[in-house]
Amino acid sequence: MSSIKSTSRRTFGLAVAGVAFALATAGLSHAEDMRTIKIATAAESKPLSWGAIGVEPQGYEPDVLKAINAKLPQYKFEMEGAADIAQETGLATGKYDIATGGYYRAPAREKQFLIPESPIGASLIKIYSRKDSGINEMKDLVGKKIVPVTAGGGIYKFATAWQEKNPDFKIEITASSAGIPYPDRLKEVENGKYDALVLPSNLGEQTVIDQQKLNVKASEPVAINNTFVLIHRSEENKALSADIDKALKELKADGTLAKLSQKWFGEDITTYMK
């Protein structure tokens with residue numbers, strides 16, 4: 001073998017090795033640059049979201065989060081199901097970067113968390129009561145015992161605003177931070193502990209009612225609200241919030257949100273998204 005050929009092969013080999021090293025280095029650099037985002041999703045709110053810790057979350061919001069992540073390769077989304085009280089507590093302490101669970105905007109949340117302008121979905125607020133209760137609208141709740149609602153949450157805000165607009169109809173709304181699952185609350189309505197439960201209908205209530213054959217009915221919607229992603233408030237997460245806002249705008253515009261809502265809710269909820 002001539003020295004020229006030998007030198008050429010060595011040079012070629014070194015070049016290939018150099019390219020391989022460069023690609024490996026680039027891949028390593030990309031992996032190091034990718035930020036892992038811890039996300040808490042609702043653990044038992046089928047079809048909105050469900051899946052306990054250790055089980056991959058399923059439902060509308062997890063699918064939307066996956067679609068968002070596909071548009072934001074600089075992040076790696078890691079989701080796990082968590083109870084309501086654990087979600088907001090974990091988000092406030094920084095255990096989670098993001099929480100989703102059909103959340104509404106509320107002054108307390110806007111002060112505590114970062115909230116992208118674009119909604120992730122929309123929910124229809126309904127009243128759940130026994131079939132013989134005669135309760136069909138908010139006015140029918142006068143003198144009734146209503147399941148306590150989350151302090152500062154969307155339902156509390158809605159009920160308070162409704163009361164201000166309808167001062168002649170006094171309803172008693174109690175605020176609570178107790179994270180009792182919705183299926184248990186529905187049972188409390190059936191057994192008479194409470195007369196009614198006011199909740200968004202996208203948390204799987206009808207599935208529970210049907211599966212457990214509860215003597216409980218849902219009213220027609222008494223209000224419609226957008227739902228949002230909540231983000232732990234920090235300087236680092238300001239960019240994350242802006243990125244998610246942009247991705248959600250694109251997903252609504254390209255029809256992805258409409259397709260996912262049809263898949264999970266059987267209707268296009270984006271028509272309700274303001």
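Note: hydrogens, waters and symmetry copies are ignored here, and every other heavy atom, side chains too, is used. Given the structure is predicted, the values throughout are model-derived calculations rather than measurements.
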(request) Verify side-chain contact (heavy atoms from CB on, under 4.5 Å) between Arg105 and Glu110, making sure each step is shown before the conclusion. (result) CA-CA 7 Å; Arg105 279 188 178 277; Glu110 291 178 331; 3.2 Å; yes
(request) Measure the shortest side-chain to side-chain distance between Ile173 and Gln163 over non-hydrogen atoms and say whether it is less than 4.5 angstrom. (result) no
(message) Can you give me the closest heavy-atom contact between Val229 and Thr100, atom names plus distance?
(response) CG2-CG2, 4.1 Å
(message) Can you classify the ring geometry of Trp162 versus Phe169 as parallel (below 30°), tilted (30 to 60°) or perpendicular (above 60°)?
(response) tilted
(message) Quick one, Leu230 and Ile98 - any side-chain contact, counting heavy atoms below 4.5 Å?
(response) no
(message) Taking Ile39 as the starting point, is it possible to reach Ile68 by hopping between hydrophobic residues whose side chains are less than 4.5 Å apart?
(response) yes
(message) If we ignore hydrogens and angles and just use 3.5 Å, is the side chain of Asp63 paired with the main-chain N or O of Tyr60 as donor and acceptor?
(response) no
(request) Nearest 0.5 Å please: distance from the CG atom of Asp243 over to the CG atom of Asn69. (result) 11.0 Å
(request) Tell me whether Leu248 is reachable from Leu48 by hopping between hydrophobic residues (I, L, V, M, F, W, Y) whose side-chain heavy atoms are closer than 4.5 Å. (result) yes
(request) State, yes or no, whether a side-chain contact exists between Glu220 and Asn136 at a heavy-atom distance under 4.5 Å. (result) no
(request) Side-chain contact test, heavy atoms from C-beta onward, threshold under 4.5 Å: evaluate it for Lys263 versus Lys259 and give yes or no. (result) no
(request) Measure the spacing between NZ of Lys246 and CG of Leu72 and express it to the nearest 0.5 Å. (result) 8.0 Å
(message) Looking at Tyr156, I'd like to know if its OH atom is crowded, meaning that more than 12 non-hydrogen atoms belonging to other residues, nucleotides or ligands lie closer than 6.0 Å.
(response) no
(message) Treating Gln74 as the side-chain partner and Arg35 as the backbone partner, does any N or O pair qualify as donor plus acceptor under 3.5 Å?
(response) no
(message) If you define the side chain from C-beta out and look only at heavy atoms, does anything of Glu236 sit under 4.5 Å from Leu240?
(response) no
(request) Compare all side-chain heavy atoms of Glu137 with those of Asp140 and state whether any distance is below 4.5 angstrom. (result) yes
(message) Would Leu197 and Tyr182 count as a side-chain contact (heavy atoms from CB on, under 4.5 Å) here? Give the steps.
(response) CA-CA 9 Å; Leu197 169 67; Tyr182 304 132; 5.5 Å; no
(request) Grab the two heavy atoms, one from Asp84 and one from Tyr103, that are nearest each other, plus how far apart they are. (result) O-OH, 4.1 Å
(request) Verify the neighbour count for atom NZ of Lys217: are there more than 12 heavy atoms of other residues, nucleotides or ligands below 6.0 Å? (result) yes
List, one per line, each side-chain donor-acceptor pair under 3.5 Å for residues 116-131, sequence neighbours excluded.
from, atom 1, to, atom 2, distance (Å)
Ser118, OG, Asp245, O, 3.4
Ser118, OG, Asp245, OD1, 2.8
Ser118, OG, Lys249, NZ, 3.1
Ser123, OG, Tyr104, OH, 2.7
Ser129, OG, Ser133, OG, 2.8
Arg130, NH1, Val189, O, 2.5
Arg130, NH1, Tyr194, O, 3.1
Arg130, NH2, Asp195, OD1, 3.4

(message) Which heavy atom of Ser49 sits nearest to which heavy atom of Ala42, and what is that distance?
(response) OG-O, 3.0 Å
(message) Please find the pair of heavy atoms, one from Ala40 and one from Gln87, that lie closest to each other, and give the distance.
(response) O-NE2, 3.0 Å
(request) Return yes if some donor-acceptor pair links the side-chain N/O of Thr89 with the main-chain N/O of Ile85 below 3.5 Å, else return no. (result) yes
(request) May I ask you to decide if Gly102's main-chain N or O and Glu61's side chain share a donor-acceptor pair within less than 3.5 Å? (result) yes
(message) How close do Phe113 and Ile231 get, counting heavy atoms only, and between which atoms?
(response) CB-O, 3.4 Å
(message) Closer than 3.5 angstrom, by distance alone: can the side chain of Asp97 be matched with the main-chain N or O of Ile37 as a donor-acceptor pair?
(response) no
(request) Looking only at non-hydrogen atoms, find the nearest pair between Leu65 and Met79 and report the distance. (result) CD1-SD, 3.5 Å
(request) Please round to the nearest 0.5 Å and tell me the distance separating atom CD of Glu80 and atom CD of Glu56. (result) 13.0 Å
(request) Rounded to the nearest 0.5 Å, what's the gap from CD on Glu250 to NZ on Lys71? Could you check? (result) 4.0 Å
(message) Applying side-chain hydrogen bond (donor to acceptor under 3.5 Å, both in side chains), can you list everything that pairs with Asp268, at least two apart in sequence or on another chain?
(response) Thr270
(message) Using a strict threshold of under 4.0 Å (side-chain N to carboxylate O), is an ion pair present between Glu188 and Arg185?
(response) yes
(message) If hydrophobic clusters are built from ILVMFWY residues whose side chains come within less than 4.5 Å, do Val222 and Ile146 share one?
(response) yes
(request) Using the rule that two of Ile, Leu, Val, Met, Phe, Trp, Tyr join whenever any of their side-chain heavy atoms come within less than 4.5 Å, decide whether Tyr96 and Phe228 are in one cluster. (result) yes
(request) Can you measure from CD (Glu190) to CG (Leu214) and round to the nearest 0.5 angstrom? (result) 4.5 Å
(message) Does any part of the side chain of Gln212, heavy atoms only, come nearer than 4.5 Å to the side chain of Leu186, both counted from C-beta?
(response) no
(request) Kindly indicate whether the side chain of Lys144, heavy atoms from C-beta on, has any atom under 4.5 Å from the side chain of Glu172. (result) no
(request) To the nearest 0.5 Å, tell me how far Asn166 CG sits from Met138 CE. (result) 8.5 Å
(message) Assigning hydrophobic clusters by single linkage (Ile, Leu, Val, Met, Phe, Trp, Tyr; side-chain heavy-atom cutoff under 4.5 Å), is Leu251 placed with Tyr75?
(response) yes
